[in-house]
Amino acid sequence: MPETINTDLVVLGGGPGGYAAAFLAAERGVQTTLLDANAKPGGTCMHVGCIPSKTLLHVADLIHLGHEAAEFGIAYGKPEIDLAKLRAKGDKIVDMMSTSLLKGCKDRKVNHIVGRGDFKDPHTIEVSPLTPGPSPGGRGVTITFKRCIIAVGSIPAKLPTFDIGSPRILDSTSALRLESVPKTLLVVGGGYIGLELGSVYAALGSSVTVVEMTASLLPGVDADLVRPLFARLRAQFDKIHLETKVTEVEEVKDGIKARLEPSSPLPPGEESGVRGEFAVFEKVLVAVGRRPNTATCGLDKAGVEVERGFIKTDKQRRTNVPHIFAIGDAAGEPMLAHKAAHEGKLVVEVLTDEAHAEWDPRAMPAVVFTDPEIAWCGLTETDAKKQNRPVKVGVFRWGFSGRATTVGRNDGLTKVLVDPATDQVLGVGVVGAGAGELIAEAVVAIEMGATAKDLAMCIHPHPTLSETIGEAAEFLHGLSSHIFVPRK
Ligand code: NAD
């Protein structure tokens with residue numbers, strides 16, 4: 001007989017959005033079931049995303065630090081890389097963290113069910129066991145629920161050009177397994193994943209070529225933030241081809257033969273790096289975006305509406321079916337773990353004590369964990385231009401930062417965007433080592449409605465990189481000690 005579980009709340013998907021929601025709901029006394037296809041919670045972020053990729057990026061940092069040490073008179077020689085040990089270390093980190101999430105379920109009495117969930121109707125999900133025979137959630141469990149939060153995440157976008165069934169073609173998941181370090185790697189897509197994983201492979205010894213369809217790496221990110229990263233990547237990568245795409249691939253004896261072509265007709269007289277040339281690469285990583293994972297869980301049977309793949313929700317993350325909510329990558333851009341977690345908690349607030357709570361963050365931070373890192377939050381200069389919105393911008397270049405210079409990383413830049421009429425901080429952008437940590441101060445400032453004067457008046461500890469935020473704000477008020485602006 002299939003087992004039936006009746007639950008007050010079911011959370012479909014155990015990633016950072018799903019488990020944050022399930023934990024908070026259970027803590028608030030809601031009888032909660034968390035259903036996920038993985039034996040341990042954590043989702044893409046934990047198992048095949050943020051955590052394993054940041055482990056590898058840490059390794060890339062260690063290698064770079066080893067090289068940079070020479071400048072300070074310390075020589076380590078060529079790094080010897082034990083891939084098996086590195087993989088084991090990565091697996092151990094993921095296992096440790098996901099085991100602690102599993103314990104988090106037990107501690108909070110969240111009923112954790114393992115299996116694939118499919119809606120049968122607006123109040124029923126059928127769970128298919130993942131392995132034959134009894135499993136924690138196996139033997140055909142049916143879940144009936146009063147309320148549901150869908151947090152099914154996203155999956156790598158595919159391009160038909162690369163659909164040739166070759167193990168040499170990697171996506172962000174298979175690239176993380178790091179089965180070998182290819183001599184040559186073609187990275188298709190100069191976005192978050194292409195640049196982060198491309199950096200890892202380059203540090204481990206691959207000769208990396210990046211092709212990016214648009215005119216810039218990280219399209220949409222402010223050009224002055226991308227510039228220092230571009231300069232450093234140009235030294236780490238073999239080639240970076242902008243406005244280029246791959247139009248054909250074929251598996252040959254030693255790799256994948258790819259045809260690189262300009263992505264759009266170039267204006268007369270203008271040169272692209274490529275002219276329909278062929279090159280062979282040992283492996284190819286396709287990182288051209290992710291798409292919502294909404295096609296395979298029977299949303300139509302629950303009556304949940306989807307638009308361009310994303311589940312449609314209101315400001316409370318409620319779908320068109322009033323007792324069903326959706327959060328995270330499946331519910332819309334940006335596809336970021338912290339956005340999903342925040343949405344998960346919002347929905348629980350709505351379901352428990354704050355029926356009127358709405359999604360209303362002033363500053364959504366984003367971090368690209370390359371070297372240097374790029375981080376921003378709130379309004380960007382690119383968006384201000386698009387919106388025709390006037391802003392005043394205070395820029396502080398890290399050449400004047402004592403901390404950045406002592407660690408040999410003065411290639412960074414910090415900028416603060418303010419409303420010219422009120423001095424209120426609207427956005428902050430940082431490029432530089434550790435930018436991802438620095439941006440948190442900016443999020444607090446924007447959320448609390450701080451002005452640039454407030455930021456300038458806050459004493460930042462010396463010598464730290466956090467001073468660069470203070471100095472960018474000070475510049476806007478003629479208070480900077482390190483930027484001289486001659487009086488007119
Ligand atoms: P992305 O959108 O960041 O980058 C994809 C890139 O591929 C774009 O620059 C795009 O112009 C390019 N592209 C698309 N089609 C192409 C083609 N045919 N040829 C060449 N280039 C092409 O996507 P991603 O890097 O795959 O990452 C997916 C999402 O995952 C991101 O948007 C982000 O939300 C999330 N993510 C976040 C982090 C982080 O927070 N650090 C890290 C990894 C992924």
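For ligands, and for the atoms within them, numbers begin at 1 and follow the listed sequence. Scope of the values below: all heavy atoms of this structure, side chains included, with no hydrogens, waters or symmetry mates.
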Undergrad: For ligand 1, which atoms sit closer than 4.0 Å to a heavy atom of R290?
TA: 28 (C), 29 (C), 30 (O)
Undergrad: Under 3.5 Å, is there a donor-acceptor pair linking the side chains of T214 and S216?
TA: no
Undergrad: I need the nearest protein heavy-atom contact for atom 37 (C) of ligand 1: residue, atom name and distance, please.
TA: Y192 CD2, 3.3 Å
Undergrad: Test of understanding: given a 4.0 Å heavy-atom threshold, classify the contact between L218 and ligand 1 as side chain, backbone, both, or neither.
TA: neither
Undergrad: More than 12 non-hydrogen atoms from neighbouring residues, nucleotides or ligands closer than 6.0 Å to CD on E358, yes or no?
TA: yes
Undergrad: Tell me the closest heavy-atom pair linking P365 and I439, and the distance in Å.
TA: CB-CG2, 4.1 Å
Undergrad: Give the atom numbers and elements of ligand 1 that come within less than 4.0 Å of a heavy atom of A287.
TA: 5 (C), 6 (C), 7 (O), 26 (O)
Undergrad: So is K245 polar-close to ligand 1, meaning N/O to N/O under 3.5 Å?
TA: no
Undergrad: Which option wins on minimum heavy-atom distance to atom 23 (O) of ligand 1: G191, G289, P334?
TA: G289
Undergrad: Find all atoms of ligand 1 within a distance of less than 4.0 Å from any non-hydrogen atom belonging to V211, and give their numbers and elements.
TA: 20 (C), 21 (N)
Undergrad: Residue-level breakdown please: for E333 versus ligand 1, do any non-hydrogen atoms fall below 4.0 Å on the side chain, on the backbone, on both, or on neither?
TA: neither
Undergrad: Under 4.0 Å from any heavy atom of V188, which atoms of ligand 1 are there?
TA: 19 (N), 20 (C)
Undergrad: What heavy-atom pair brings I324 and A302 nearest, and what distance separates the two atoms?
TA: CD1-CB, 4.1 Å
Undergrad: Would a 4.5 Å heavy-atom cut-off, applied to side chains only, mark S207 and K183 as touching?
TA: no
Undergrad: Would you say P219 has any N or O atom under 3.5 Å from an N or O of ligand 1, going by distance alone?
TA: no
Undergrad: As a check for students: among R291, M213, E212, E261, identify the option with a heavy atom nearest to atom 11 (O) of ligand 1.
TA: E212
Undergrad: Name the closest protein heavy atom to atom 7 (O) of ligand 1, giving the residue it belongs to and the distance to 0.1 Å.
TA: G189 CA, 3.3 Å
Undergrad: Examine R108 relative to F23 and say whether NZ or CZ is less than 6.0 Å from the centre of the six-membered ring and inside a 45° cone about the ring axis.
TA: yes
Undergrad: Record the part of L336 in heavy-atom contact with ligand 1 below 4.0 Å; permitted values are side chain, backbone, both and neither.
TA: side chain
Undergrad: Using side chain to side chain donor-acceptor pair (under 3.5 Å), reason through T247 and E261 one step at a time and then give a plain yes or no.
TA: CA-CA 7 Å; T247 50; E261 286 200 67; 3.0 Å; yes
Undergrad: Take atom CE in M364; do more than 12 heavy atoms of anything else shown fall under 6.0 Å from it?
TA: yes
Undergrad: What atoms in ligand 1 come closer than 4.0 Å to a heavy atom of F369?
TA: 41 (N)
Undergrad: How many angstroms lie between CG in D419 and CZ in R389, if you round to the nearest 0.5 Å?
TA: 6.0 Å
Undergrad: Would you mind finding which of V288, L285, T370 brings a heavy atom closest to atom 15 (N) of ligand 1?
TA: V288
